[in-house]
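Here, residue 1 is the first one in the sequence, and each next residue gets the next number.
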Amino acid sequence: MESQTVKWKHYFLYLAFIYAILYFLHTNLLLNNRPIRIKKWPHLPLRFRHDGTFKILQVADMHFGSGLLSRCRDVLPSHFHYCSDLNTTRFLKTMIQLEKPDFVAFTGDNIFGPSTTDAAESLLRAFGPVMESGIPWAAVLGNHDQESSMTREELMSFISLMDYSLSQTNPPSKDINNVKRGMFLDIDGFGNYNLSVYGAPGSHLANSSVLNLFFLDSGDRETVQGVRTYGWIKESQLNWLRSASQELQVQNQEVKYVIKTQPVDASAALAFFHIPIPEVRQLYYQKFVGRFGEGVACSSVNSGVLKTLVSIKDVKAVFIGHDHTNDFCGNLEGIWFCYGGGFGYHGYGRIGLARRARVILAELRKGDKEWMGVERIKTWKRLDDENLSKIDEQVLWELSPSR
């Protein structure tokens, strides 16, 4: 009888222990009586539409601060008292509704660190419209994002965990001796990664990458020989870019081998980063499309980005930010460099000059019976004026007719 009593005591103690664990989990995994929510993921992989198109909205320099408290800069005096970060939010919502992009690329200075004491809150509000839309998106950092309460690594980690974000802190590494939390150790910066866009549904390229999107961290501020300058893309990042490009091109060759009866076009690629490279200054003396409204603010260090892009051969265009009143596209050694133009109202601009966004459209080549690889890349800009004017439409790259 005594043994049976002991068993019952153990049984009740065990139940009490289980109840205590459940109570602890319940009280600690709830925040204001709401369970912790898991990140929402977009439908993957990224792919071209049934009509053979893939549209990207580039948002450059939102400079989001603290919402209603962050006043606009360089707007008409009559607009100033009614203008804030909320104008930036409205413009982003409008662009998403109007252009219906398949993907949104944020090219740095997403928030303006000095104008917010809570970087996480500012990021949530800045990216709020694209998260609400459910459209996949990705971002790189500029030189102002980290000037608040989070480091650049913390910022990219946080951005990568946001709803529908495809951003990565750094690319995955296959070398077990060079891995920390699944990422490259020997690479500078935070926000170097590649996203693949697959062929149209139902085509023989439906499971193959036909367009690659490279994202690079161009840094913030550096000191060179005692002189302050802007950051630049380092050799370790260029090494990764070469390696990633080569691997993707090998995959493309494997597709050609498997599909012997169908010609397969080489994969095209686009690149996105914040700070322009020094060679962009040369475009002032060459033919360009758009507005060259200010001097190119770049690093004093030329790290060989253009030389690398030319050598890997797949990057057709690069999309940058940083200089808000520049929105032009110009060609350097066969590669187009395009500014997004100032998007955000809390960032500097020019009185009377409308804020703007860039749209990029990739189009597939139509084969005898189905869609093939990328045939054409076009771009245009939208102004935040009464008519949401569409300006400077141009073809950046087109597949050679001989293919």
[X] versus [Y], closest heavy-atom pair with distance:
| X | Y | value |
| --- | --- | --- |
| Asp74 | Arg355 | O-NH1, 3.4 Å |
| Thr151 | Glu154 | N-OE1, 2.9 Å |
| Ser167 | Ala139 | OG-N, 3.0 Å |
| Asp102 | Pro136 | O-CG, 3.3 Å |
| Ala126 | Leu92 | O-CD2, 3.8 Å |
| Pro101 | Met95 | CD-O, 4.4 Å |

What distance separates [X] [atom1] from [Y] [atom2], expressed to the nearest 0.5 Å?
| X | Y | atom1 | atom2 | result |
| --- | --- | --- | --- | --- |
| Asp118 | Leu123 | CG | CG | 9.0 Å |
| Ile351 | His79 | CD1 | NE2 | 11.5 Å |
| Ile111 | Phe127 | CD1 | CZ | 8.0 Å |
| Glu370 | Arg365 | CD | CZ | 10.5 Å |
| Asp163 | Lys39 | CG | NZ | 8.0 Å |

Ion pair present between [X] and [Y], side-chain N to carboxylate O less than 4.0 angstrom?
| X | Y | answer |
| --- | --- | --- |
| Asp392 | Arg291 | no |
| Glu99 | Arg358 | no |
| Arg125 | Asp85 | no |

Do [X] side-chain atoms and [Y] backbone N/O form a donor-acceptor pair below 3.5 Å?
| X | Y | answer |
| --- | --- | --- |
| Asn110 | Leu141 | no |
| Ser66 | Ser115 | yes |
| Ser236 | Asp188 | yes |
| Ser303 | Lys234 | no |
| Arg242 | Ile312 | no |
| Thr169 | Phe190 | no |
| Ser133 | Val130 | yes |
| Thr229 | Ser300 | yes |
| Asn192 | Asp217 | yes |
| Trp232 | Val301 | no |

Chi angles and distances behind the side-chain contact (heavy atoms from CB on, under 4.5 Å) call for Val197, Val210:
CA-CA 6 Å; Val197 185; Val210 296; 5.5 Å; no
Decide side-chain contact (heavy atoms from CB on, under 4.5 Å) for Trp240 and Asn194; before the verdict, give the C-alpha distance in whole Å, the side-chain angles of both, and the deciding distance to 0.1 Å.
CA-CA 10 Å; Trp240 165 76; Asn194 169 66; 4.2 Å; yes
Around atom [atom1] of [X], are there more than 12 heavy atoms of other residues, nucleotides or ligands at under 6.0 Å?
| X | atom1 | answer |
| --- | --- | --- |
| Glu386 | CD | no |
| Lys313 | NZ | no |
| Lys287 | NZ | no |
| Gln246 | CD | no |
| Lys390 | NZ | yes |
| Tyr82 | OH | no |

Students often mix this up, so state it plainly: with edges at 30° and 60°, are the rings of [X] and [Y] parallel, tilted or perpendicular?
| X | Y | result |
| --- | --- | --- |
| Phe215 | Phe272 | parallel |
| Tyr348 | His324 | parallel |
| Phe328 | Phe288 | tilted |

Is there a side-chain contact between [X] and [Y] (heavy atoms, below 4.5 Å)?
| X | Y | value |
| --- | --- | --- |
| Phe273 | Ile320 | yes |
| Ile277 | Asn302 | no |
| Met131 | Trp137 | yes |
| Thr89 | Phe64 | yes |
| Thr88 | Phe343 | yes |
| Phe319 | Ile56 | no |
| Thr379 | Gln394 | yes |
| Asp220 | Asp145 | no |

Do Glu222 and Ser299 pass the side-chain contact (heavy atoms from CB on, under 4.5 Å) test, and can you show the C-alpha distance, the side-chain angles, and the key distance before you say yes or no?
CA-CA 8 Å; Glu222 302 264 1; Ser299 176; over 6 Å; no
Using the side-chain hydrogen bond (donor to acceptor under 3.5 Å, both in side chains) rule, take Ser389 and Asn387 through it: C-alpha gap first, then chi angles, then the decisive distance, then the call.
CA-CA 5 Å; Ser389 302; Asn387 302 313; 4.6 Å; no
Tyr230 ring centre to Arg221 NZ or CZ under 6.0 Å, with the angle to the axis within 45°?
yes
I'd like to know whether the aromatic ring centres of His322 and His274 sit less than 6.0 Å apart in this structure.
yes
Between Phe48 and Trp371, is the ring centroid distance below 6.0 Å?
no
Determine whether Leu364 and Val374 satisfy the following criterion, side-chain contact (heavy atoms from CB on, under 4.5 Å), listing intermediate values before the conclusion.
CA-CA 4 Å; Leu364 297 179; Val374 178; 4.1 Å; yes
Check Leu248, Leu213, Leu211, Leu46 against Ser196 for a side chain to side chain contact (heavy atoms under 4.5 Å, CB included) and give me the one that passes.
Leu248
Run the numbers on Thr116 and Glu121 for side-chain hydrogen bond (donor to acceptor under 3.5 Å, both in side chains), then give the verdict.
CA-CA 9 Å; Thr116 178; Glu121 179 65 23; over 6 Å; no
Could you walk me through whether Gln249 and Ser245 pass the side-chain hydrogen bond (donor to acceptor under 3.5 Å, both in side chains) test, one step at a time?
CA-CA 6 Å; Gln249 290 180 40; Ser245 173; 2.9 Å; yes
Positive for ring pair (Phe, Tyr, Trp, His ring centres under 6.0 Å) with Phe292, one of Phe337, Tyr284, Tyr339:
Tyr284
Name of the residue among Arg90, Lys93, Arg356 meeting salt bridge (charged side-chain N to carboxylate O under 4.0 Å, His left out) with Asp384:
Arg90
